[in-house]
Amino acid sequence: MLKFFKKKKEDKPSLMADTSKSTDTSFYPLTISEVRRETEEAVSIAFDVPTEHQEKFTFLPGQYLTLKTTIANEEVRRSYSICAAPSDGELRVAVKEIEGGKFSTHANRHLEAGMTIESMPPMGNFKWQPTEEPSHVVGWAAGSGITPIMSIAKTVLESDSSSTFTLFYGNKNSNSIIFKDAFEDLKNTYVDRLEVHHILSREDQGSDVTKGRIDGEKVKAFNEKFFEVGATTAHFLCGPLGMIESVTETLESLGTPKEKIHFELFNTTAAGAAKKEVSSSVSGASAVTVILDGEETHFEATGKEFILDAALDAGADVPYACKGAVCCTCRAKVLEGSAEMVMNYALVDDEVKDGYILTCQAHATSDKVVVSFDE
Ligand code: FES
(Lines give C-alpha, C1' and ligand atoms only; values in the text may rest on other atoms or scores of the structure.)
Protein backbone atom coordinates (compact mmCIF):
# COMPACT_ATOMS: atom_id res chain seq x y z
CA MET A 1 0.00 0.00 0.00
CA LEU A 2 2.37 2.67 -1.19
CA LYS A 3 1.09 6.19 -1.09
CA PHE A 4 3.54 7.35 -3.70
CA PHE A 5 1.08 8.96 -6.06
CA LYS A 6 -0.71 11.03 -3.44
CA LYS A 7 -0.21 14.66 -4.52
CA LYS A 8 1.43 16.93 -1.99
CA LYS A 9 3.27 20.28 -1.87
CA GLU A 10 3.92 21.94 -5.24
CA ASP A 11 2.24 18.99 -6.90
CA LYS A 12 5.20 16.77 -6.15
CA PRO A 13 4.15 13.23 -5.33
CA SER A 14 4.76 12.16 -1.75
CA LEU A 15 7.54 9.59 -1.34
CA MET A 16 5.99 8.11 1.80
CA ALA A 17 6.47 4.35 2.01
CA ASP A 18 4.29 1.90 3.86
CA THR A 19 5.69 0.02 6.84
CA SER A 20 7.25 -2.81 4.84
CA LYS A 21 11.01 -3.20 5.01
CA SER A 22 12.95 -3.09 1.79
CA THR A 23 14.93 -6.23 1.14
CA ASP A 24 16.10 -4.96 -2.22
CA THR A 25 19.85 -4.52 -1.85
CA SER A 26 20.58 -3.89 -5.52
CA PHE A 27 22.15 -0.63 -6.60
CA TYR A 28 20.31 1.67 -9.04
CA PRO A 29 21.84 4.61 -10.92
CA LEU A 30 20.46 7.98 -9.80
CA THR A 31 21.21 11.32 -11.43
CA ILE A 32 22.17 14.16 -9.10
CA SER A 33 19.68 16.99 -9.61
CA GLU A 34 21.22 19.48 -7.16
CA VAL A 35 24.19 19.88 -4.82
CA ARG A 36 23.41 22.63 -2.31
CA ARG A 37 25.97 24.01 0.12
CA GLU A 38 24.41 23.94 3.60
CA THR A 39 27.43 25.03 5.69
CA GLU A 40 31.15 25.44 5.00
CA GLU A 41 31.57 21.75 5.80
CA ALA A 42 28.35 20.20 4.50
CA VAL A 43 26.34 19.84 1.31
CA SER A 44 22.96 18.34 0.62
CA ILE A 45 22.52 16.28 -2.54
CA ALA A 46 19.20 15.72 -4.30
CA PHE A 47 18.60 12.92 -6.79
CA ASP A 48 16.30 12.34 -9.74
CA VAL A 49 14.85 8.87 -9.52
CA PRO A 50 13.97 7.22 -12.86
CA THR A 51 10.21 6.74 -13.15
CA GLU A 52 10.53 2.97 -13.31
CA HIS A 53 12.31 2.90 -9.92
CA GLN A 54 10.27 5.51 -8.08
CA GLU A 55 8.24 3.04 -6.08
CA LYS A 56 11.43 1.38 -4.81
CA PHE A 57 12.68 4.73 -3.54
CA THR A 58 9.74 5.58 -1.28
CA PHE A 59 10.82 5.87 2.36
CA LEU A 60 9.83 6.52 5.94
CA PRO A 61 11.33 9.61 7.64
CA GLY A 62 14.60 8.65 9.34
CA GLN A 63 15.75 6.08 6.76
CA TYR A 64 18.96 6.23 4.76
CA LEU A 65 20.45 5.58 1.32
CA THR A 66 23.56 3.49 0.72
CA LEU A 67 25.55 5.24 -2.00
CA LYS A 68 28.30 3.66 -4.06
CA THR A 69 30.86 5.27 -6.31
CA THR A 70 34.44 4.82 -7.47
CA ILE A 71 37.06 7.19 -6.09
CA ALA A 72 40.67 6.86 -7.27
CA ASN A 73 39.91 3.41 -8.70
CA GLU A 74 38.49 2.19 -5.42
CA GLU A 75 34.83 1.31 -4.83
CA VAL A 76 33.54 3.29 -1.87
CA ARG A 77 30.15 2.80 -0.15
CA ARG A 78 28.62 4.98 2.51
CA SER A 79 25.19 5.35 4.08
CA TYR A 80 23.64 8.80 4.43
CA SER A 81 20.32 9.65 6.03
CA ILE A 82 17.60 11.23 3.95
CA CYS A 83 16.98 14.79 5.16
CA ALA A 84 13.90 15.51 3.03
CA ALA A 85 10.48 14.57 4.34
CA PRO A 86 8.52 12.13 2.17
CA SER A 87 6.00 14.91 1.54
CA ASP A 88 8.73 17.08 -0.02
CA GLY A 89 8.56 14.74 -3.00
CA GLU A 90 12.33 14.62 -3.35
CA LEU A 91 15.15 12.34 -2.34
CA ARG A 92 17.91 14.34 -0.64
CA VAL A 93 20.75 13.42 1.72
CA ALA A 94 23.19 15.65 3.58
CA VAL A 95 26.92 14.91 3.74
CA LYS A 96 29.32 16.61 6.14
CA GLU A 97 32.97 16.60 5.15
CA ILE A 98 35.02 14.61 7.61
CA GLU A 99 38.78 14.95 7.81
CA GLY A 100 40.23 12.09 5.76
CA GLY A 101 36.74 10.89 4.78
CA LYS A 102 36.95 9.56 1.22
CA PHE A 103 33.30 9.75 0.28
CA SER A 104 32.45 12.87 2.27
CA THR A 105 35.37 14.81 0.80
CA HIS A 106 34.47 13.66 -2.71
CA ALA A 107 30.83 14.62 -2.17
CA ASN A 108 31.67 18.07 -0.81
CA ARG A 109 34.29 18.95 -3.41
CA HIS A 110 33.51 17.10 -6.61
CA LEU A 111 29.88 16.06 -6.94
CA GLU A 112 27.64 18.25 -9.07
CA ALA A 113 24.26 18.20 -10.78
CA GLY A 114 24.10 15.90 -13.78
CA MET A 115 26.51 13.30 -12.39
CA THR A 116 25.28 9.77 -11.75
CA ILE A 117 25.74 7.85 -8.55
CA GLU A 118 24.52 4.42 -7.53
CA SER A 119 22.19 3.91 -4.60
CA MET A 120 20.34 1.12 -2.85
CA PRO A 121 16.66 1.79 -2.09
CA PRO A 122 16.01 3.46 1.29
CA MET A 123 16.30 1.26 4.38
CA GLY A 124 16.89 1.38 8.12
CA ASN A 125 15.10 0.84 11.41
CA PHE A 126 15.52 4.39 12.64
CA LYS A 127 12.21 5.72 11.39
CA TRP A 128 9.03 7.48 12.34
CA GLN A 129 5.81 5.84 11.31
CA PRO A 130 3.38 8.74 10.88
CA THR A 131 0.31 8.58 13.05
CA GLU A 132 -2.92 10.49 13.02
CA GLU A 133 -2.82 10.70 16.83
CA PRO A 134 -1.27 13.82 18.40
CA SER A 135 2.37 13.14 19.28
CA HIS A 136 5.08 14.92 21.19
CA VAL A 137 8.39 13.83 19.74
CA VAL A 138 11.80 14.93 20.99
CA GLY A 139 14.88 14.96 18.73
CA TRP A 140 18.46 14.85 20.03
CA ALA A 141 21.10 15.48 17.37
CA ALA A 142 24.76 16.40 17.09
CA GLY A 143 26.36 17.77 13.91
CA SER A 144 25.27 15.88 10.80
CA GLY A 145 23.05 13.71 13.03
CA ILE A 146 20.42 16.31 12.21
CA THR A 147 19.71 14.80 8.77
CA PRO A 148 17.25 12.03 9.72
CA ILE A 149 15.86 14.20 12.54
CA MET A 150 14.97 16.93 10.02
CA SER A 151 12.90 14.47 8.01
CA ILE A 152 11.21 13.12 11.15
CA ALA A 153 10.49 16.59 12.58
CA LYS A 154 8.80 17.80 9.39
CA THR A 155 6.70 14.65 9.16
CA VAL A 156 5.61 14.74 12.80
CA LEU A 157 4.50 18.36 12.43
CA GLU A 158 2.68 17.72 9.15
CA SER A 159 0.94 14.52 10.12
CA ASP A 160 -1.31 15.91 12.85
CA SER A 161 -2.31 19.51 13.54
CA SER A 162 -1.71 19.21 17.29
CA SER A 163 1.54 17.23 17.25
CA THR A 164 4.63 18.93 18.63
CA PHE A 165 8.36 18.51 18.16
CA THR A 166 11.17 19.62 20.47
CA LEU A 167 14.71 19.62 19.11
CA PHE A 168 17.97 19.70 21.04
CA TYR A 169 20.76 20.19 18.54
CA GLY A 170 24.47 20.23 19.41
CA ASN A 171 27.17 21.93 17.31
CA LYS A 172 30.54 23.66 17.69
CA ASN A 173 29.25 27.13 16.86
CA SER A 174 26.41 28.81 14.99
CA ASN A 175 28.27 28.59 11.66
CA SER A 176 28.35 24.81 11.82
CA ILE A 177 24.58 24.43 12.32
CA ILE A 178 23.22 22.47 9.34
CA PHE A 179 19.65 23.46 8.28
CA LYS A 180 19.68 26.52 10.55
CA ASP A 181 17.54 28.53 8.11
CA ALA A 182 15.33 25.56 7.29
CA PHE A 183 14.49 25.17 10.99
CA GLU A 184 13.83 28.91 11.25
CA ASP A 185 11.36 28.56 8.37
CA LEU A 186 9.74 25.57 10.02
CA LYS A 187 9.43 27.53 13.26
CA ASN A 188 7.62 30.29 11.37
CA THR A 189 5.19 27.71 9.97
CA TYR A 190 4.67 25.83 13.24
CA VAL A 191 5.02 28.67 15.72
CA ASP A 192 3.42 26.90 18.68
CA ARG A 193 4.38 23.35 17.84
CA LEU A 194 8.12 23.37 17.15
CA GLU A 195 10.82 24.25 19.68
CA VAL A 196 14.48 24.34 18.66
CA HIS A 197 17.27 24.56 21.24
CA HIS A 198 20.83 24.94 20.02
CA ILE A 199 23.61 23.69 22.30
CA LEU A 200 27.01 25.04 21.27
CA SER A 201 30.34 23.77 22.55
CA ARG A 202 32.50 26.71 21.40
CA GLU A 203 30.18 29.66 21.47
CA ASP A 204 28.55 31.39 24.39
CA GLN A 205 24.82 31.93 24.02
CA GLY A 206 24.51 33.61 27.40
CA SER A 207 23.23 30.58 29.27
CA ASP A 208 25.11 27.69 30.92
CA VAL A 209 22.44 25.21 29.99
CA THR A 210 22.94 25.72 26.23
CA LYS A 211 26.76 25.71 26.41
CA GLY A 212 28.77 22.50 25.98
CA ARG A 213 27.78 19.12 24.62
CA ILE A 214 24.53 17.22 24.90
CA ASP A 215 24.92 14.75 27.78
CA GLY A 216 22.99 13.28 30.70
CA GLU A 217 23.27 16.46 32.81
CA LYS A 218 21.81 18.51 29.97
CA VAL A 219 18.96 16.00 29.57
CA LYS A 220 18.06 16.44 33.25
CA ALA A 221 18.19 20.22 32.95
CA PHE A 222 16.09 20.24 29.76
CA ASN A 223 13.59 17.83 31.28
CA GLU A 224 12.87 20.33 34.02
CA LYS A 225 12.67 23.26 31.64
CA PHE A 226 11.53 22.24 28.16
CA PHE A 227 9.77 18.88 28.14
CA GLU A 228 8.14 16.39 30.43
CA VAL A 229 9.37 12.83 30.10
CA GLY A 230 5.94 11.38 30.91
CA ALA A 231 4.29 13.38 28.13
CA THR A 232 6.57 12.37 25.27
CA THR A 233 5.62 9.91 22.54
CA ALA A 234 9.13 9.13 21.34
CA HIS A 235 12.74 10.29 21.42
CA PHE A 236 14.96 10.11 18.31
CA LEU A 237 18.71 10.36 18.92
CA CYS A 238 21.38 10.67 16.23
CA GLY A 239 25.01 11.43 17.00
CA PRO A 240 28.22 9.94 18.39
CA LEU A 241 28.33 6.99 20.78
CA GLY A 242 28.98 9.04 23.94
CA MET A 243 25.94 11.24 23.35
CA ILE A 244 23.70 8.30 22.49
CA GLU A 245 24.71 6.38 25.62
CA SER A 246 24.43 9.24 28.09
CA VAL A 247 21.13 10.58 26.71
CA THR A 248 19.60 7.08 26.57
CA GLU A 249 20.70 6.21 30.12
CA THR A 250 19.36 9.47 31.50
CA LEU A 251 16.05 9.29 29.66
CA GLU A 252 15.58 5.75 31.00
CA SER A 253 16.52 6.81 34.52
CA LEU A 254 13.89 9.55 34.28
CA GLY A 255 11.26 6.93 33.49
CA THR A 256 11.19 6.79 29.68
CA PRO A 257 10.36 3.26 28.49
CA LYS A 258 13.10 1.74 26.33
CA GLU A 259 10.76 1.25 23.38
CA LYS A 260 10.23 5.02 23.15
CA ILE A 261 13.94 5.68 22.60
CA HIS A 262 15.27 5.24 19.07
CA PHE A 263 18.84 5.93 18.10
CA GLU A 264 21.21 5.96 15.19
CA LEU A 265 24.96 6.14 15.60
CA PHE A 266 27.43 7.98 13.37
CA ASN A 267 29.92 5.12 13.56
CA THR A 268 31.44 2.66 16.01
CA THR A 269 35.07 3.48 15.40
CA ALA A 270 35.16 5.70 18.47
CA ALA A 271 36.84 4.17 21.48
CA GLY A 272 34.36 2.61 23.83
CA ALA A 273 32.15 0.75 21.35
CA ALA A 274 31.58 -2.46 23.30
CA LYS A 275 32.39 -5.72 21.53
CA LYS A 276 30.94 -8.97 22.79
CA GLU A 277 33.18 -12.03 23.14
CA VAL A 278 31.84 -14.77 20.92
CA SER A 279 32.75 -18.32 21.77
CA SER A 280 32.16 -21.20 19.40
CA SER A 281 32.35 -24.93 19.97
CA VAL A 282 33.22 -25.48 16.30
CA SER A 283 36.63 -27.03 15.83
CA GLY A 284 38.05 -25.72 12.57
CA ALA A 285 35.89 -23.93 10.01
CA SER A 286 32.11 -23.84 9.62
CA ALA A 287 30.40 -24.68 6.34
CA VAL A 288 28.46 -21.53 5.46
CA THR A 289 25.82 -21.03 2.79
CA VAL A 290 24.58 -17.55 1.94
CA ILE A 291 21.44 -17.03 -0.13
CA LEU A 292 21.07 -13.81 -2.10
CA ASP A 293 18.44 -13.25 -4.80
CA GLY A 294 17.69 -16.97 -4.63
CA GLU A 295 21.27 -17.95 -5.42
CA GLU A 296 23.40 -19.93 -3.00
CA THR A 297 27.12 -19.43 -2.36
CA HIS A 298 28.94 -22.04 -0.30
CA PHE A 299 32.20 -21.43 1.56
CA GLU A 300 34.05 -22.09 4.80
CA ALA A 301 34.51 -19.54 7.55
CA THR A 302 36.62 -19.84 10.66
CA GLY A 303 35.33 -18.59 14.02
CA LYS A 304 37.56 -15.53 13.61
CA GLU A 305 36.11 -14.40 10.28
CA PHE A 306 32.97 -12.36 9.91
CA ILE A 307 30.37 -14.02 7.69
CA LEU A 308 30.17 -10.94 5.45
CA ASP A 309 33.92 -10.83 4.79
CA ALA A 310 34.09 -14.55 4.13
CA ALA A 311 31.12 -14.29 1.74
CA LEU A 312 32.76 -11.40 -0.15
CA ASP A 313 36.00 -13.40 -0.37
CA ALA A 314 33.99 -16.29 -1.81
CA GLY A 315 32.69 -14.00 -4.56
CA ALA A 316 29.15 -13.39 -3.29
CA ASP A 317 27.91 -9.87 -4.06
CA VAL A 318 26.44 -9.47 -0.58
CA PRO A 319 25.29 -6.00 0.53
CA TYR A 320 27.13 -3.84 3.03
CA ALA A 321 28.02 -0.21 3.73
CA CYS A 322 29.49 0.74 7.13
CA LYS A 323 30.94 -2.62 8.23
CA GLY A 324 30.65 -1.16 11.71
CA ALA A 325 27.33 -2.44 13.18
CA VAL A 326 25.57 0.83 12.50
CA CYS A 327 23.67 0.81 9.22
CA CYS A 328 22.04 -2.66 8.94
CA THR A 329 22.64 -2.87 5.16
CA CYS A 330 24.26 -6.29 5.75
CA ARG A 331 21.23 -7.67 7.64
CA ALA A 332 20.40 -11.32 6.95
CA LYS A 333 18.47 -14.11 8.61
CA VAL A 334 19.98 -17.30 10.00
CA LEU A 335 17.87 -20.14 8.57
CA GLU A 336 19.97 -23.02 9.86
CA GLY A 337 22.68 -23.33 12.51
CA SER A 338 23.81 -20.37 14.59
CA ALA A 339 25.85 -17.18 14.41
CA GLU A 340 26.64 -14.52 16.99
CA MET A 341 27.34 -10.82 16.67
CA VAL A 342 30.15 -8.99 18.44
CA MET A 343 28.39 -5.62 18.06
CA ASN A 344 24.89 -4.49 17.15
CA TYR A 345 23.76 -0.89 17.02
CA ALA A 346 21.29 -1.36 14.18
CA LEU A 347 18.94 -4.32 14.71
CA VAL A 348 16.05 -4.03 17.15
CA ASP A 349 15.45 -6.73 19.79
CA ASP A 350 12.58 -8.34 17.86
CA GLU A 351 14.75 -8.79 14.78
CA VAL A 352 17.49 -10.46 16.82
CA LYS A 353 14.86 -12.71 18.40
CA ASP A 354 13.63 -13.62 14.90
CA GLY A 355 17.12 -14.75 13.88
CA TYR A 356 18.41 -11.68 12.06
CA ILE A 357 22.11 -10.82 12.26
CA LEU A 358 24.43 -8.12 11.02
CA THR A 359 26.66 -10.29 8.88
CA CYS A 360 29.52 -7.77 9.13
CA GLN A 361 29.60 -8.47 12.88
CA ALA A 362 28.63 -12.13 13.04
CA HIS A 363 30.78 -15.24 13.45
CA ALA A 364 29.45 -18.70 12.64
CA THR A 365 29.05 -20.70 15.85
CA SER A 366 27.84 -24.04 14.48
CA ASP A 367 29.35 -26.54 12.04
CA LYS A 368 26.82 -25.64 9.36
CA VAL A 369 25.20 -22.21 8.94
CA VAL A 370 22.69 -21.06 6.32
CA VAL A 371 22.09 -17.33 6.08
CA SER A 372 19.60 -15.60 3.78
CA PHE A 373 19.72 -12.00 2.60
CA ASP A 374 16.35 -12.47 0.92
CA GLU A 375 14.17 -12.67 4.06
S1 FES B 1 27.46 -3.06 6.90
FE2 FES B 1 26.58 -1.60 8.24
S3 FES B 1 25.90 -2.84 9.90
FE4 FES B 1 26.94 -4.25 8.63
Side-chain angles (χ1 to χ4, degrees), residues 21-27 59 62-69 74-82 93 95 98 101-104 118-127 144-145 147-148 237-241 244-245 262-270 272-276 278 288 290-293 297 299 301 304-334 339-365 369 371-375:
K21 287 173 187 159
S22 170
T23 53
D24 183 351
T25 53
S26 307
F27 282 96
F59 62 96
Q63 292 193 300
Y64 64 84
L65 296 180
T66 300
L67 305 178
K68 179 173 87 169
T69 194
E74 187 194 337
E75 182 190 291
V76 185
R77 301 173 179 207
R78 294 289 183 275
S79 299
Y80 291 104
S81 297
I82 300 167
V93 299
V95 182
I98 297 166
K102 275 197 186 100
F103 201 110
S104 68
E118 289 191 79
S119 176
M120 278 186 207
M123 59 175 70
N125 285 332
F126 184 74
K127 62 195 175 201
S144 58
T147 47
L237 288 55
C238 189
L241 186 63
I244 301 286
E245 286 182 340
H262 312 270
F263 69 84
E264 182 156 84
L265 269 180
F266 281 162
N267 59 58
T268 49
T269 52
K275 286 194 184 179
K276 197 175 138 198
V278 170
V288 182
V290 298
I291 304 169
L292 176 68
D293 296 334
T297 306
F299 54 91
K304 288 197 163 54
E305 284 174 292
F306 290 121
I307 291 175
L308 180 89
D309 292 332
L312 289 168
D313 286 346
D317 191 18
V318 285
Y320 69 92
C322 73
K323 284 195 175 182
V326 170
C327 73
C328 92
T329 311
C330 66
R331 171 187 182 267
K333 189 171 185 177
V334 177
E340 269 194 64
M341 294 180 280
V342 296
M343 279 200 295
N344 170 29
Y345 292 101
L347 298 177
V348 297
D349 293 349
D350 279 352
E351 288 178 298
V352 176
K353 223 185 292 158
D354 289 345
Y356 287 96
I357 52 168
L358 299 174
T359 53
C360 76
Q361 300 297 317
H363 297 300
T365 54
V369 184
V371 168
S372 174
F373 287 84
D374 295 344
E375 298 288 319

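One-based numbering, in listed order, for ligands and for the atoms of each.
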Below 2.8 Å, can you find an N, O or S atom of C327 next to atom 2 (Fe) of ligand 1?
yes
Starting from atom 1 (S) of ligand 1, what is the nearest protein heavy atom, named by residue and atom, and what distance separates them?
K323 N, 3.2 Å
Atom indices of ligand 1 within 4.0 angstrom of C330 heavy atoms, with elements
1 (S), 3 (S), 4 (Fe)
Value rounded to 0.5 Å, distance of OG in S79 from CE in M120
7.5 Å
Measure from atom 4 (Fe) of ligand 1 to each N, O or S atom of C328 and report whether any distance is below 2.8 Å.
no
So H363 and F306, would you call those rings parallel, tilted or perpendicular, with 30° and 60° as cut-offs?
parallel
A321: numbered ligand 1 atoms lying under 4.0 Å from its heavy atoms:
1 (S)
Look up atom CZ in R331 and atom OG1 in T359, then write down how far apart they are to the nearest 0.5 Å.
11.0 Å
Between the CD atom in E264 and the NZ atom in K127, the distance rounded to the nearest 0.5 Å is 11.5 Å
Taking N, O or S atoms only and a limit of 2.8 Å, check whether C322 reaches atom 4 (Fe) of ligand 1.
no
CG on L312 to CZ on F299, rounded to 0.5 Å
9.0 Å
What atoms of ligand 1 come closer than 4.0 angstrom to any heavy atom of C360?
1 (S), 3 (S), 4 (Fe)
Separation between NZ (K276) and CE (M343), nearest 0.5 Å, reads 13.0 Å
For V326, the atoms of ligand 1 under 4.0 Å from one of its heavy atoms are 3 (S)
Would you compute the distance between atom SG of C238 and atom CD1 of I244 and round it to the nearest 0.5 angstrom?
6.5 Å
Please list, in number order, the atoms of ligand 1 under 4.0 Å from a heavy atom of A325.
3 (S)
